Chemist: 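Below: one structure in structure tokens.
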Amino acid sequence: MARSSSPRGGGFSRRSKSPSSTGTANGTVGSPLSTPRSGKSMSPSPTSPASLRRRQGSQHSGSSLSLASTKVCSSMDEGDGPGSEGDTLEDHGPVPASIGDRYKVGRILGNGNFAVVRQCVEKSSGQEFALKIISKEKCRGKEHMIQSEVSLLRCIKHPNIILLIEEMDTQSDIYLVMELVKVNIFS
Ligand SMILES: Nc1ncnc2c1ncn2[C@@H]1O[C@H](COP(=O)(O)OP(=O)(O)OP(=O)(O)O)[C@@H](O)[C@H]1O
């Protein structure tokens, strides 16, 4: 029951850019090359790593995110890949089939105010990415801010800004597959 909507429609949708094909558009995916810009902001961003969030002002509104109910599958195969370290999605529930079918979701890389970020591996290529799972519950009242930032991320390809690979909207969460940063630029 996945729903896709045009980015211009204001809602979130799955963005189907092949990670493999887009990996070099913003530098090297999985390399430490991408370093979010730093700047100033009044509030944390629910969609971006720490320095990226500071690039833009926030607009808060009471508008609702476009919701989509999405077919889900079991969270992750057990036993190998990034998940073998013991982290599972049990704390979060199953991932959408469109994500889980193509990515093996693994360990937690970090937690933000609105999201948990996990390592994931594209099954077809073995390429690593970051999967940011934004909780709509935690974002309540800040929906417009999320929409704005995801809209910006869709448009931006810059070697110093983490690349958004694809996105998926479910009833409870927004999933963003993003370029993985392997160096600690977040502290
Ligand atoms: N693309 C990424 N690659 C590797 N680790 C990441 C990536 N994005 C986020 N992380 C890790 O996940 C943590 C949480 O990121 P997230 O973007 O949710 O929140 P934040 O920007 O740190 O804080 P806030 O919620 O206030 O915006 C980061 O601090 C970082 O450790």
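The analysis underlying the following values was restricted to heavy atoms, covering all of them including side chains, and did not include hydrogens, waters or symmetry mates. Keep in mind that this is a model prediction, so the values were computed, not measured. Counting starts at 1 for both ligands and their atoms, following the listed order.
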Chemist: Taking only heavy atoms of Leu180 into account, list the atoms of ligand 1 that are under 4.0 Å away from them.
Modeler: 3 (N), 4 (C)
Chemist: Measuring from Ile99:CD1 to Asp101:CG, what's the distance to the nearest 0.5 Å?
Modeler: 9.5 Å
Chemist: Just go through Ile134, Val117, Asn113 and tell me whose heavy atom is the nearest to atom 9 (C) of ligand 1.
Modeler: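 Ranked by closest heavy atom to atom 9 (C) of ligand 1, first place is Val117.
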Chemist: Show the numbers, then the answer: is there a side-chain contact (heavy atoms from CB on, under 4.5 Å) between Glu122 and Lys104?
Modeler: CA-CA 6 Å; Glu122 188 186 25; Lys104 180 166 284 193; over 6 Å; no
Chemist: Please step through salt bridge (charged side-chain N to carboxylate O under 4.0 Å, His left out) for the pair Glu143 and Arg140, ending with a clear verdict.
Modeler: CA-CA 6 Å; Glu143 292 87 353; Arg140 196 162 290 168; 5.2 Å; no
Chemist: With rounding to the nearest 0.5 angstrom, report the CD1 to CG distance, Ile165 to Leu131.
Modeler: 11.5 Å
Chemist: Can you confirm whether the side chains of Glu166 and Tyr103 place a donor and an acceptor under 3.5 Å from each other?
Modeler: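 Distance-only check passes for Glu166 and Tyr103.
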Chemist: Which bit of Lys132 is near ligand 1, meaning a heavy atom under 4.0 Å away: side chain, backbone, both or neither?
Modeler: side chain
Chemist: Going by heavy-atom distance to atom 14 (C) of ligand 1, choose the closest among Asn111, Val181, Leu109.
Modeler: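 Minimum heavy-atom distance to atom 14 (C) of ligand 1 goes to Asn111.
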Chemist: Provide the number and element of each atom of ligand 1 under 4.0 Å from a heavy atom of Ala130.
Modeler: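 Once the distances to Ala130 are compared, the set is 1 (N), 2 (C), 3 (N).
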